[in-house]
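If you're wondering where the values come from, they're calculated on a predicted model, not measured in any experiment.
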Amino acid sequence: MAGFQFWKKKASQDEVAAPVESTAEQVVESPVELEAEVVSKPAEPAAKKVAVEAVELPKRSLAKGVRSLFARIKFNPENLDELEDILIQGDFGVDASLEIVTEVKQRAKMAGAQTEQELKDILVAVLVDKLERSDKDLKLDGKKFPYVFLVVGVNGVGKTTTIGKLAKWLTDGEWNVVIGAADTFRAAAVDQIATWAERASAVLVRPKTEGQDPASVAFEAVELGVKTDADIVIIDTAGRLQNKTDLMDELGKIRRVIEKQTEITEVLLVLDATTGQNGLAQAKAFAEIANVTGVVLTKLDGTARGGIVFAIQQQLGIPVKLVGVGEGINDFAFFDATEFSRGLVA
């Protein structure tokens, strides 16, 4: 992300240099019970002024992580209708593919394009125009800390891996990160995110008992983030979508207990790029109930069906912000319309 600067807290002289120990093992009352017991809230103390500074975090590029639509197929410059079939196979959808081909034909005619490369350059320009968004960047420019990221998505899409990669990128930029393991219904999920947290040098708040109320873990994680002056808190959530009502209730409860302490900065929906149009159905379901602010597209390096990015942004109006392009802890990137389009068309 060359050229992008973000805001983080500026270390003050009175901050403790020693590493912070997690208070995750302390017993914390259920946030819902607390809500029921409180009749009137005491006056909140004046907000503490936080010195901030502009920082540039480590760069991540997706240029080499996108598979070309044309790796084995070439379209004839004299018959651009073949392009429509290629785009449909790449999960752009029928309507979008027709729209793109129509515009490519118009631009090609105006430019007098004759070669395949000239047509590819025009296609890249068309895709960039349609994919570029002003809200694609992570919200890391506010002045209220900690930033809180709520991460949602069905099981198996790479949600935990994404959290680990994001945490590592942040800690590489000398941010203090707390991770809340609020997917409490699967012990394996907690163990997995503990491994990623250790690799990322992030503080982990984990459930004290299997099946602990996810909202209480989220509450503890944010509470720890506030007490220790963390820069960011990332909350993992359960990946069940069998019952929208239950999921809505659970996410709503998590939201309420977090917002008792601070605001939620981002709600990131993780999708598997290899699922193609099925991923769009998942996105629609979560968008209805989770107030999603951005999409993370994983396993993009394993498919040439990257048109799902176009479908998500065009049909749901939600920006794709991050992409996974490998299994390593550094193998993720920020969505860049130009890099992405060039990778698809190369």
Side-chain angles (χ1 to χ4, degrees), residues 1 3-24 45-60 135-152 159-182 193-194 196-206 217-237 254-255 257-268 270 293-294 296 321-322 329-330 332-334:
M1 289 188 74
F4 285 92
Q5 285 190 320
F6 303 108
W7 294 101
K8 78 181 294 287
K9 288 201 298 297
K10 185 176 182 180
S12 60
Q13 294 181 349
D14 59 347
E15 286 181 338
V16 179
V20 176
E21 295 183 2
S22 170
T23 59
K48 181 173 61 175
K49 292 184 178 180
V50 179
V52 296
E53 62 181 346
V55 296
E56 186 168 333
L57 291 162
K59 299 176 180 62
R60 294 285 186 268
D135 57 352
K136 66 179 181 180
D137 297 326
L138 286 177
K139 298 175 183 176
L140 295 172
D141 56 355
K143 303 297 176 67
K144 185 174 182 180
F145 295 87
Y147 302 138
V148 178
F149 286 7
L150 191 61
V151 183
V152 302
K159 186 160 47 74
T160 303
T161 302
T162 294
I163 292 172
K165 292 178 179 181
L166 179 58
K168 180 62 164 58
W169 173 71
L170 289 162
T171 57
D172 282 349
E174 299 183 353
W175 290 52
N176 299 317
V177 179
V178 173
I179 298 175
I193 203 165
W196 280 101
E198 182 178 0
R199 293 176 67 188
S201 300
V203 175
L204 178 69
V205 175
R206 61 189 301 159
V217 177
F219 182 90
E220 292 173 28
V222 175
E223 182 180 51
L224 179 64
V226 172
K227 286 182 177 179
T228 60
D229 286 332
D231 295 307
I232 189 164
V233 178
I234 306 174
I235 305 295
D236 188 17
T237 61
I254 290 174
R255 273 187 166 278
V257 301
I258 291 175
E259 289 171 347
K260 285 178 179 294
Q261 304 176 81
T262 189
E263 62 188 36
I264 296 174
T265 312
E266 292 265 21
V267 179
L268 298 175
V270 182
T293 60
V296 181
K321 297 196 172 189
L322 300 172
I329 197 165
N330 291 321
F332 90 106
F334 297 89

Heavy-atom pair with the smallest gap, counting every atom of [X] and [Y]:
X      : Y      : answer
Ala197 : Leu204 : CB-CB, 4.1 Å
Leu268 : Lys321 : CD2-CD, 4.5 Å
Lys144 : Thr262 : CE-OG1, 3.8 Å
Ile254 : Ala218 : CG2-CB, 3.9 Å
Arg206 : Ala181 : CA-CB, 4.2 Å

Inset, instruction - Report the residues that fulfil salt bridge (Lys or Arg N to Asp or Glu O under 4.0 Å) with Glu198, sequence neighbours left out, ordered by chain and then residue number. - result: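 Expected list: none.
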
Do [X] and [Y] come close enough that some side-chain heavy atom pair is under 4.5 Å?
X      : Y      : value
Leu140 : Phe149 : yes
Leu138 : Tyr147 : no
Leu170 : Asp231 : no

Legend entry - With Thr293 via side-chain hydrogen bond (donor to acceptor under 3.5 Å, both in side chains) - residues at least two apart: Glu266

Residues which pass side chain to side chain contact (heavy atoms under 4.5 Å, CB included) with [X], listed by chain and number, not counting sequence neighbours:
X      : answer
Ala221 : Val178, Val205, Val233, Ile235
Gln261 : Phe219, Val222, Glu223
Thr160 : Gln192, Ile193, Trp196, Asp236

Counting N and O atoms only, with roles assigned by atom type, does the side chain of [X] sit under 3.5 Å from a partner on the main chain of [Y], one being a donor and the other an acceptor?
X      : Y      : answer
Thr171 : Ala202 : no
Thr237 : Val151 : yes
Lys165 : Ile329 : no

Legend entry - Phe332 and Trp169 aromatic ring geometry - parallel, tilted or perpendicular at 30°/60° bounds: perpendicular

What's the separation between atom [atom1] in [X] and atom [atom2] in [Y], rounded to the nearest 0.5 Å?
X      : Y      : atom1 : atom2 : answer
Leu224 : Ile179 : CG    : CD1   : 12.0 Å
Asn330 : Asp172 : CG    : CG    : 6.0 Å
Trp175 : Leu166 : CH2   : CG    : 10.0 Å
Thr265 : Leu150 : OG1   : CG    : 10.5 Å

